[in-house]
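Everything numeric in this text was worked out from a predicted model, so none of it was measured.
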Amino acid sequence: MIQLENCRKTYMHGSNVTEAMSDVSLHVKSGEFLAIMGASGSGKSTLLHILGCIDRPTGGTYFYNGIDVNALSSKEWHRFRKNHISFVFQNFALMNQYTVEENIAIAMDGLLNSPKRRKIREVAELLKIDDVLYKLPMYISGGQQQRTAIARALVSKGELVLCDEPTGALDRRTGEEIMKVIATLRENGKTIIVVTHDPAVASVADRILYMEDGRLLSKDLEQ
């Protein structure tokens, strides 16, 4: 599904060059649950942003189901991200002026009609947030907010879900519950990549890779 080869990312700050990621190669199969571990500043979020088409690599290749992502125009690149990728962030990334239902509906194209409302209700029941669908995010718990973000990923047509420290803003018990919920996304045909510094979070995944100083230190355990 994902073939990342010799990718690097550098940033210019005046005359200074910062290398955030260096010579990273990564292969991910469809339906896999991968965890990428590393300390703050190790480059794992940079890698996630490149995989999620939030940022482009400075060099290297990125193929997604045979599509050369780096060759896409800006318009095609944004459309690709919308059609194929969902995100679950540490800060939940919800819109406080919208209800939980409306936040979930953002991942769906077009108007919020009856079939879409039924789908949202089904997902909300699965994630145990059906009782807060008509509340604003500011009036629900952190765990419920993160479940809302996961619900948004679940109703999205995108098959890749990228999670950036998804339990970092939650207490340990709630975080463990959220990781179990994230694991259920795969049962719905999603491929999951989560970046974290927490071994308990990574332990839920099929495979764990490690980053340090912008490099992947370990390769596929299958190889």
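The backbone N or O of Lys135 lies less than 3.5 Å from no partner atom in the side chain of Thr99, so there is not a single donor-acceptor pair. Arg8 places no side-chain N or O within 3.5 Å of a backbone atom of Asp23 that could act as its donor or acceptor partner. One N or O on the side chain of Asp206 and one on the backbone of Phe33 form a donor-acceptor pair closer than 3.5 Å. Ser25 contributes a side-chain N or O that, together with a main-chain N or O of Asn6, makes up a donor-acceptor pair within less than 3.5 Å. Of the possible donor and acceptor atoms, one in the side chain of Lys9 sits under 3.5 Å from a partner among the backbone N and O of Arg56. Glu32 contributes a side-chain N or O that, together with a main-chain N or O of Lys29, makes up a donor-acceptor pair within less than 3.5 Å. Lys44 places a side-chain N or O within 3.5 Å of a backbone atom of Ala39 that can act as its donor or acceptor partner. Asn16 places no side-chain N or O within donor-acceptor distance of the main-chain N or O of Met12, the cut-off being under 3.5 Å. Side chain of Thr184 to backbone of Val181: a donor-acceptor contact under 3.5 angstrom is found. Checking side-chain atoms of Lys190 against main-chain N and O of Gly158 turns up a donor-acceptor pair under 3.5 Å.
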Legend entry - CA sep, side-chain torsions, deciding dist, call: Ile104, Leu154, side-chain contact (heavy atoms from CB on, under 4.5 Å): CA-CA 9 Å; Ile104 297 171; Leu154 193 53; over 6 Å; no

Inset, instruction - Output, in order, the C-alpha distance, side-chain angles, deciding distance and verdict of side-chain contact (heavy atoms from CB on, under 4.5 Å) for Met211 and Met21. - result: CA-CA 9 Å; Met211 287 199 77; Met21 198 176 78; 4.2 Å; yes

Inset, instruction - Check the pair Lys180 / Val204 against side-chain contact (heavy atoms from CB on, under 4.5 Å), numbers first and verdict last. - result: CA-CA 8 Å; Lys180 290 178 182 177; Val204 182; 6.0 Å; no

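Side-chain contact annotation: Ser45 with Asp164, donor-acceptor N/O pair under 3.5 Å present. Of the N and O atoms on the side chains of Gln144 and Ser141, at least one donor lies less than 3.5 Å from an acceptor on the other residue.
Residue Ser22 holds its OG atom at 10.5 Å from CG of Leu216, rounded to the nearest 0.5 Å. Here CE of Met1 is found 4.0 Å from OG1 of Thr191. Values are rounded to the nearest 0.5 Å. In this structure, CG in Asn96 is found 8.0 Å from CG in Asn103, a value given to the nearest 0.5 Å. Remark: Ile208 CD1 to Ser203 OG distance equals 7.0 Å, nearest 0.5 Å. In this structure, Thr148 OG1 and Phe92 CZ are separated by 9.5 Å, a value rounded to the nearest 0.5 Å. The OG atom of Ser42 sits 9.5 Å away from the CE atom of Met37 when rounded to the nearest 0.5 Å.
Annotation: side chain of Phe80 is in contact with side chain of Val69 (closest heavy-atom distance under 4.5 Å). Looking at heavy atoms from C-beta onward, Arg81 lies in side-chain contact with Phe87 at the 4.5 angstrom threshold. With a 4.5 Å cut-off on side-chain heavy atoms, Val28 and Leu160 do not count as touching. Side-chain contact between Gln97 and Leu136: absent, with no pair of heavy atoms (C-beta onward) separated by less than 4.5 Å. Side-chain contact between His27 and Leu4 is absent, with no heavy-atom pair separated by less than 4.5 Å. The shortest side-chain heavy-atom distance between Glu101 and Arg121 does not fall under the 4.5 Å cut-off. Looking only at side-chain heavy atoms (C-beta outward), Val195 and Leu47 stay at 4.5 Å or farther from each other. Taking 4.5 Å as the limit, some side-chain heavy atom of Leu34 sits within range of a side-chain heavy atom of Ile36.
The nearest pair of heavy atoms linking Cys53 to Ile85 is SG-CD1, 4.3 Å. Here the shortest heavy-atom pairing between Thr46 and Ala20 reads OG1-CB, 3.8 Å. Taking each heavy atom of Gly175 and Thr167 in turn, the nearest pair found is O-CG2, 3.4 Å. Closest heavy-atom contact between Ala105 and Leu112: CB-CD1, 3.8 Å. Taking all atoms of both residues into account, the shortest heavy-atom contact from Met95 to Pro137 is O-CG, 3.8 Å. Gly143 and Thr174 get closest at one heavy-atom pair: CA-CG2, 3.6 Å.
In the hydrophobic clustering of ILVMFWY residues, with side-chain heavy atoms under 4.5 Å counting as a link, Val201 and Leu185 come out together. In the hydrophobic clustering of ILVMFWY residues, with side-chain heavy atoms under 4.5 Å counting as a link, Val194 and Ile182 come out together. The hydrophobic clustering, which links ILVMFWY residues whose side-chain heavy atoms are closer than 4.5 Å, places Ile140 and Tyr134 together. A continuous path of hydrophobic side-chain contacts links Ile129 to Met108 [ILVMFWY only; heavy atoms under 4.5 Å]. No chain of hydrophobic side-chain contacts below 4.5 Å, direct or via other Ile, Leu, Val, Met, Phe, Trp or Tyr residues, connects Ile193 to Val88.
Side-chain heavy-atom separations under 4.5 angstrom define the hydrophobic clusters, and Tyr11 shares its cluster with no other residue.
In this structure, Arg152 does not pair ionically with Glu102, as no charged nitrogen and carboxylate oxygen lie closer than 4.0 Å. Looking at Arg147 and Asp130, no side-chain N of the basic residue comes within less than 4.0 Å of a carboxylate O on the acidic one, giving no salt bridge.
Applying the side-chain hydrogen bond (donor to acceptor under 3.5 Å, both in side chains) test to pairs two or more places apart or on separate chains, those with a residue in residues 60-74 are Tyr64-Glu159, Ser73-Glu76.
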